[in-house]
Asker: 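This is the structure I want to talk about, given as structure tokens.
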Amino acid sequence: DLCEPDCDSFTMSYKALLALQSIKGNFSKKIAYYEKGMMQLEYERQELLKDVERALENDEFEVWFQPQVDCARKQLIGAEALVRWRHPGKGLLNPKAFIPLLECSDYIGAVDEYIIDKTCGFVRRWMDKEPGKSIIASVNLSRNDILKSGICDTMKSIVKRNGLPPRCIRVEVTESSYMENSERLISTIKEFKEAGFIIEMDDFGSGYSSLNTLKDIDIDVLKLDMRFLQFKEEERQKSANILESIVNMAGLLHLPIVVEGVENESQEKFVQKLGCRYIQGFYYYKPLP
Ligand code: C2E
Ligand code: CA
Ligand code: CA
């Protein structure tokens with residue numbers, strides 16, 4: 001497929017590289033094929049990256065909020081800030097269309113800081129509107145952010161600039177960030193905690209590092225990965241047993257659990273029966289502009 005009529009040697013080796021990239025990290029595949037469209041896709045990715053600086057300048061990134069609910073008391077307990085990109089040519093983009101791309105570049109830090117700053121601004125205005133009410137928002141930090149030196153100082157200055165105490169912000173660190181369990185990560189999280197931020201482990205149970213991590217890192221909240229709720233009917237009992245064990249373990253460690261991805265009443269009943277009361281999912285709210 002490389003030998004299309006106008007394919008010069010440079011293009012051929014570039015296509016081979018793209019094919020190679022497509023199976024990177026996939027140890028079950030030993031041979032990679034270039035497929036039609038890979039070149040176009042890569043071109044579009046590079047074009048999108050070129051747009052990031054303009055997007056930051058023109059306020060194209062938006063914060064959407066997905067409320068989190070205490071289903072026992074039917075009360076809001078906070079909201080997660082989720083980025084959206086209102087791209088002038090491509091319309092409203094969801095994070096999966098650009099976050100992984102930004103994570104491979106140096107831009108992720110700038111975009112995350114921008115979103116966190118905007119989030120703090122919203123929280124400040126909410127609190128001004130409803131004095132006395134404590135409003136808490138969760139923000140996402142990518143692995144690259146966490147490993148960057150000075151990230152805690154950056155976060156401290158963002159909350160300060162917006163007139164908020166750090167306890168109004170829950171910092172979500174996705175489970176895969178803990179994979180190497182590096183000294184750097186442990187010390188950064190310690191720094192965050194000492195500064196007064198709340199730490200959430202995002203996507204708990206999606207990887208294989210979770211249990212050890214709980215021992216080594218002082219986390220405040222577990223966010224249960226939504227795949228725990230996606231099971232076939234014949235696996236219901238098995239899934240319930242696994243979830244119940246996690247809930248028991250979290251209880252022993254005094255860690256509250258937020259269950260993600262609750263989409264319907266039967267899922268809500270299922271997790272409530274297991275003792276989970278904090279829920280983030282489409283059943284209550286989708287992310288809202
Ligand atoms: P996440 O941190 O796990 O965020 C939760 C995702 O689950 C959100 O997708 C949310 O819309 C979706 N979700 C929530 N409830 C349900 C449900 O009941 N059913 C289903 N099917 N989905 C549900 P979203 O907004 O598309 O974000 C995807 C991911 O992109 C996030 O996953 C997070 O890893 C990343 N992301 C979003 N905003 C940011 C950001 O500002 N910075 C960074 N670094 N990553 C972000
Ligand atoms: Ca998250
Ligand atoms: Ca999550």
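Position 1 is the first residue of the sequence; numbering continues from there. Counting starts at 1 for both ligands and their atoms, in listed order.
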Asker: Less than 6.0 angstrom separating the ring centers of Phe122 and Phe65, yes or no?
Answerer: yes

Asker: Who's the nearest protein heavy-atom neighbour of atom 31 (C) of ligand 1, and how far?
Answerer: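 Ranking protein heavy atoms by distance from atom 31 (C) of ligand 1, first comes Leu82 CD2, 4.4 Å.
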
Asker: If the plane angle is over 60° it's perpendicular, under 30° parallel, otherwise tilted; pick one for His87 and Trp85.
Answerer: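 It falls in the tilted class, 30° to 60°.
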
Asker: May I ask you to decide if the ring planes of Phe197 and Phe192 are parallel, tilted or perpendicular, using 30° and 60° as cut-offs?
Answerer: perpendicular

Asker: Using modelled atom types only, decide if a donor and an acceptor are shared between the side chain of Asp8 and the backbone of Thr11 within a distance under 3.5 Å.
Answerer: yes

Asker: Contact between ligand 1 and Lys223 is defined here as a heavy atom of the residue under 4.0 Å from a ligand atom; is it met?
Answerer: no

Asker: How long is the straight-line distance from CD of Glu57 back to CD of Glu60, given to the nearest 0.5 Å?
Answerer: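 It comes to 10.0 Å.
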
Asker: Show which atoms of ligand 1 fall inside a sub-4.0 Å distance from at least one heavy-atom site of Asp203.
Answerer: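 Close to Asp203: 3 (O).
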
Asker: Tell me which protein heavy atom sits closest to atom 21 (N) of ligand 1, plus the residue, atom name and distance to 0.1 Å.
Answerer: Glu263 OE2, 2.9 Å

Asker: Output the distance between atom CG (Leu93) and atom CG (Leu48), rounded to the nearest 0.5 Å.
Answerer: 6.5 Å

Asker: I need the contact type for Asp202 against ligand 1. Using non-hydrogen atoms and a strict under-4.0 Å cut-off, is it side chain, backbone, both or neither?
Answerer: side chain

Asker: Counting backbone and side-chain atoms alike, does Asp202 have an N/O/S atom under 3.0 Å from the Ca ion (ligand 2)?
Answerer: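 Coordinating: yes.
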
Asker: As an exercise, identify every atom of ligand 1 less than 4.0 angstrom from a heavy atom of Gly281.
Answerer: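 Reading through ligand 1 atom by atom, the close ones are 15 (N), 18 (O).
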
Asker: Quick one: does Asp145 get an N or O within less than 3.5 Å of an N or O on ligand 1?
Answerer: no

Asker: From the N, O or S atoms in Glu172, identify the one nearest to the Ca ion (ligand 2).
Answerer: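 Answer by atom name: OE1.
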
Asker: So is Glu260 in contact with ligand 1, going by heavy-atom distances below 4.0 Å?
Answerer: yes

Asker: What are the atoms of ligand 1, with element, lying closer than 4.0 Å to any heavy atom of Glu80?
Answerer: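 Matching atoms, with element in brackets: 2 (O), 4 (O).
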
Asker: Once you measure the plane-to-plane angle for Phe231 and Phe270, does it fall in the parallel (<30°), tilted (30-60°) or perpendicular (>60°) bin?
Answerer: tilted

Asker: Taking atom 4 (O) of ligand 1 as the reference point, report whether a protein heavy atom occurs under 4.0 Å from it.
Answerer: yes

Asker: Please find out if the Ca ion (ligand 2) and some N, O or S atom of Asn140 are separated by less than 3.0 Å.
Answerer: yes

Asker: Measure Lys96 to ligand 1 on non-hydrogen atoms and call it side chain, backbone, both or neither using the 4.0 Å cut-off.
Answerer: neither

Asker: Could you pull out the closest heavy-atom pair between Pro95 and Pro100, with the gap in Å?
Answerer: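 Here Pro95 and Pro100 meet closest at O-CD, 3.6 Å.
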
Asker: For the pair Lys90 and Glu44, find out whether any cationic side-chain nitrogen is under 4.0 Å from an anionic carboxylate oxygen.
Answerer: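 No salt bridge links Lys90 with Glu44.
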
Asker: Asp203 and Arg227: salt bridge (Lys or Arg N to Asp or Glu O under 4.0 Å), yes or no, with the steps?
Answerer: CA-CA 9 Å; Asp203 306 330; Arg227 271 170 285 182; over 6 Å; no

Asker: Could you tell me if the side chain of Thr174 sits less than 4.5 Å from the side chain of Arg143, heavy atoms only?
Answerer: no

Asker: Below the 3.5 angstrom mark, is there an N/O of Ser142, backbone or side chain, next to an N/O of ligand 1?
Answerer: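 Ser142 vs ligand 1: N/O contact under 3.5 Å present.
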
Asker: Would you confirm whether any non-hydrogen atom of the protein falls under 4.0 Å from atom 9 (O) of ligand 1?
Answerer: no

Asker: Using every non-hydrogen atom in the two residues, find where Ile199 and Asp218 come nearest and quote the distance to one decimal.
Answerer: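 Minimum heavy-atom separation between Ile199 and Asp218: CB-O, 4.4 Å.
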
Asker: State whether the shortest distance between N or O atoms of Gln66 and N or O atoms of ligand 1 falls below 3.5 angstrom.
Answerer: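 So ligand 1 has an N or O lying under 3.5 Å from an N or O of Gln66.
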
Asker: Write out the residue and atom name of the closest protein heavy atom to atom 39 (C) of ligand 1, then the distance separating them to 0.1 Å.
Answerer: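 Minimum-distance protein heavy atom for atom 39 (C) of ligand 1 reads Val83 CG1, 3.6 Å.
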
Asker: Any N/O/S atom from Asp203 (main chain or side chain) under 3.0 Å of the Ca ion (ligand 3)?
Answerer: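 It does: Asp203 brings an N, O or S atom closer than 3.0 Å to the Ca ion (ligand 3).
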
Asker: Would a 4.5 Å heavy-atom cut-off, applied to side chains only, mark Lys223 and Gln280 as touching?
Answerer: yes

Asker: Counting each atom of ligand 1 from 1 as listed, which ones have a heavy atom of Ile115 under 4.0 Å away?
Answerer: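 Heavy-atom distances to Ile115 below 4.0 Å select 41 (O).
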
Asker: Is the shortest distance from a heavy atom of Lys286 to ligand 1 less than 4.0 Å?
Answerer: no

Asker: Got a sec: is Glu260 within less than 3.0 Å of the Ca ion (ligand 2) via an N/O/S atom?
Answerer: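 Coordinating: no.
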
Asker: Is any side-chain heavy atom of Val271 closer than 4.5 Å to a side-chain heavy atom of Leu224?
Answerer: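 Of all side-chain heavy-atom pairs linking Leu224 with Val271, none is under 4.5 Å.
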
Asker: Is there a nitrogen or oxygen of Phe282 sitting under 3.5 Å from a nitrogen or oxygen of ligand 1?
Answerer: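 In this structure, Phe282 places an N or O atom under 3.5 Å from an N or O of ligand 1.
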
Asker: Give me the residue, atom name and distance of the protein heavy atom closest to atom 7 (O) of ligand 1.
Answerer: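 Of every protein heavy atom, Met226 CE, 3.0 Å lies nearest to atom 7 (O) of ligand 1.
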
Asker: Quick one: do the Glu53 and Tyr107 side chains pair a donor with an acceptor below 3.5 Å?
Answerer: yes

Asker: I'd like to check which ligand 1 atoms, numbered from 1 as shown, lie under 4.0 Å from a non-hydrogen atom of Val262.
Answerer: 18 (O)

Asker: Would you check whether Ile99 has a nitrogen or oxygen atom less than 3.5 angstrom from a nitrogen or oxygen atom of ligand 1?
Answerer: no

Asker: So which protein heavy atom does atom 36 (N) of ligand 1 come closest to, and at what separation?
Answerer: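 Nearest neighbour among protein heavy atoms for atom 36 (N) of ligand 1, to 0.1 Å: Pro95 CB, 4.0 Å.
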
Asker: I need the atoms of ligand 1 closer than 4.0 Å to a non-hydrogen atom of Pro287, numbered in the order shown.
Answerer: 11 (O)

Asker: Has Glu80 got an N, O or S atom lying less than 3.0 Å from the Ca ion (ligand 2)?
Answerer: yes

Asker: Nearest protein heavy-atom contact for atom 34 (O) of ligand 1: which residue, which atom, what distance?
Answerer: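 Answer for atom 34 (O) of ligand 1: Asn140 OD1, 4.6 Å.
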
Asker: Run the contact test for Asp112 against ligand 1 with a 4.0 Å cut-off on heavy atoms, strictly below, and give the result.
Answerer: yes

Asker: Looking only at heavy atoms, what is the nearest atom pair of Glu103 and Asn144, with distance?
Answerer: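 Nearest heavy atoms, Glu103 then Asn144: O-ND2, 2.8 Å.
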
Asker: Quick one: do Arg170 and Glu80 make a salt bridge, cutoff under 4.0 Å?
Answerer: no

Asker: With a 3.5 Å distance limit and no angle check, can you tell me whether Glu42 reaches the backbone of Met38 through a side-chain donor-acceptor pair?
Answerer: no

